[in-house]
Amino acid sequence: MIFVTGAAGFIGANFVHHWLESSREPLLVLDALTYAGNLESLADVRADARFGFERVDICDRAAVAALLARHRPRALLHFAAESHVDRSIGGPEAFVRTNILGTFELLEAMRAYRATLDADAAAALRFLHVSTDEVYGSLGPDDAPFRETTAYAPNSPYAASKAASDHLVRAWHHTYGLPVLTTNCSNNYGPYQFPEKLIPLMIHHALAGKPLPVYGDGSNVRDWLYVEDHCRAIARVLDAGVPGRSYNIGGHNEVRNIDLVRVLCGLLDRLSPRPDGVSYASQISFVTDRPGHDRRYAIDGARIRHELGWQPQVDFASGLQRTVQWYLDHGPWVEHVLNGQYRQAGQAA
């Protein structure tokens, strides 16, 4: 069995779907169901005998320890995090609590659990920490992409909290010998993403006839990774990654924000055109840039490619089309997030 924290969120939910499609091994989801935790994203797998769910706060070490003792997992995959940069600027405390303190409590619970295992099980145990490329800071237009050896230089409260958690994970390996793995990914896109993020936000605003807000001049560059590719990478790192190492996971798709929004408008023009025949691009509106907005992210994925044989399988054009179509086909899921109805499932959990 494996444990998966934060699996009612975007990337975690996609990982659960991937795991249950590709493995017979059971998993247990640990999620506090904060605002971004949506059990509707897991509705189609909850009847699977291999799926389990526990509503638990990762900062509650005793509760996590009790679950570890009861289920005896061979690995814990740590997705749980506050992840929205704008929210971190307006309210950084929740990011410090979840991303830093939560990771600390999980590490300590896993360290105590490992001490109860025999030598073989202790050696095979894994703590896989899912992090972000934002810990590296911002690149100039001609700078080389981020490598695992790039110095950390976080620029937002979110990025700083993730950088701190990365350092804790590293320290628990070097000090206590905990077999850890860290992944730092580029911007993900795909199904089940909370509508406050760029791609689903633009899709919803476009269909609702609202302005499409683009920060600054729209020249900020991101490397986009389809979430299914990310899930395949995480599974591969869990299977064959070297304890103590970090692995950068990128999509090799550097795109300016304004160009991405225009491509999304073009896809919507074709898949769900406006009744008046006008392009959704007419709704683009430039807004004041957010504080400390990093200009460019890019990932050098040479390590995971050479050592573990992973590389993205979904090209950006087809991934975007699949994403737009998913949101068009799942209007009720989006609507339940926007009106808060999805929280009712969490209250009943």
Carefully, step by step, assess Asn99 and Ser165 under the rule side-chain hydrogen bond (donor to acceptor under 3.5 Å, both in side chains). CA-CA 6 Å; Asn99 299 353; Ser165 66; over 6 Å; no
Asn220/Asp289 under side-chain hydrogen bond (donor to acceptor under 3.5 Å, both in side chains): CA gap, chis, key distance, verdict: CA-CA 10 Å; Asn220 302 76; Asp289 208 353; 4.7 Å; no
Worked verdict on Asn38 versus His336 for side chain to side chain contact (heavy atoms under 4.5 Å, CB included): CA-CA 10 Å; Asn38 185 354; His336 290 171; over 6 Å; no
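For Tyr189 and Arg222, the side-chain atoms include no donor-acceptor pair closer than 3.5 Å. Between the side chains of Tyr297 and Glu134, a donor-acceptor pair is found at a separation under 3.5 Å. Using modelled atom types, one finds no donor on one side chain facing an acceptor on the other under 3.5 Å when comparing Tyr215 with Asn257. Side-chain atoms of Trp172 and Glu108 form a donor-acceptor pair, as typed in the model, at a separation below 3.5 Å. Residues His17 and Asp44 have side chains that bring a donor and an acceptor to within less than 3.5 angstrom of each other. Side-chain contact, Thr5 with His78: a donor N or O sits under 3.5 Å from an acceptor N or O.
Hydrophobic clustering of Ile, Leu, Val, Met, Phe, Trp and Tyr side chains at less than 4.5 Å, counting indirect connections, keeps Met110 apart from Phe79. Cluster annotation: Val29 and Val130 are assigned to the same hydrophobic cluster (Ile/Leu/Val/Met/Phe/Trp/Tyr, side-chain heavy-atom contacts under 4.5 Å, transitive). Tracing side-chain contacts under 4.5 Å through hydrophobic residues (I, L, V, M, F, W, Y), one never reaches Val221 starting from Val214; they form parts of separate clusters. Taken together through direct or relayed side-chain contacts under 4.5 Å among Ile, Leu, Val, Met, Phe, Trp and Tyr, Val227 and Phe15 form part of one hydrophobic cluster. A continuous path of Ile, Leu, Val, Met, Phe, Trp and Tyr side chains, each step under 4.5 Å between heavy atoms, connects Leu20 with Ile11, placing both in one hydrophobic cluster.
Judged by distance alone, with hydrogens and angles left aside, the side-chain atoms of Asn155 form no donor-acceptor pair with the main-chain N or O of Gly137 at under 3.5 Å. Side chain of Arg126 to main chain of Ala123: a donor-acceptor pair is present (N/O by atom type, distance under 3.5 Å, no hydrogens or angles).
The neighbour count for Arg147 CZ, taken as heavy atoms of other residues, nucleotides or ligands under 6.0 Å away, does not exceed 12. Atom CZ of Arg50 is surrounded by more than 12 heavy atoms from other residues, nucleotides or ligands within 6.0 Å.
Across Pro213 and His205, no two heavy atoms sit closer than the pair CD-ND1, 3.8 Å. A pairwise comparison of heavy atoms in Ala75 and Leu125 identifies N-CD1, 4.2 Å as the closest pair. Of all heavy-atom pairs spanning Phe316 and Trp224, the tightest one is CE1-CB, 3.4 Å. Between Pro200 and Phe194, the shortest heavy-atom contact is CG-O, 3.5 Å.
Interatomic distance, Leu201 CG to Gln193 CD, rounded to the nearest 0.5 Å: 10.0 Å. The distance from the OH atom of Tyr136 to the CD1 atom of Ile299 is 6.0 Å, given to the nearest 0.5 Å. Atom OG1 of Thr183 sits about 4.5 Å away from atom NE2 of His230, to the nearest 0.5 Å. The distance from the CG atom of Leu264 to the CG atom of Leu271 is 11.0 Å, given to the nearest 0.5 Å.
At a threshold of 4.0 Å, the pair Arg295-Asp217 counts as salt-bridged, since one of the basic side-chain nitrogens sits closer than that to a carboxylate oxygen. Of the charged side-chain nitrogens involved, at least one lies within less than 4.0 Å of a carboxylate oxygen, so that Arg97 and Asp57 count as a salt-bridged pair. A salt bridge links Arg296 with Glu254: the closest approach of a Lys/Arg side-chain nitrogen to an acidic carboxylate oxygen falls below 4.0 angstrom.
Contacts of Ser22 classified as side-chain contact (heavy atoms from CB on, under 4.5 Å), with partners at least two apart in sequence or in another chain: His18.
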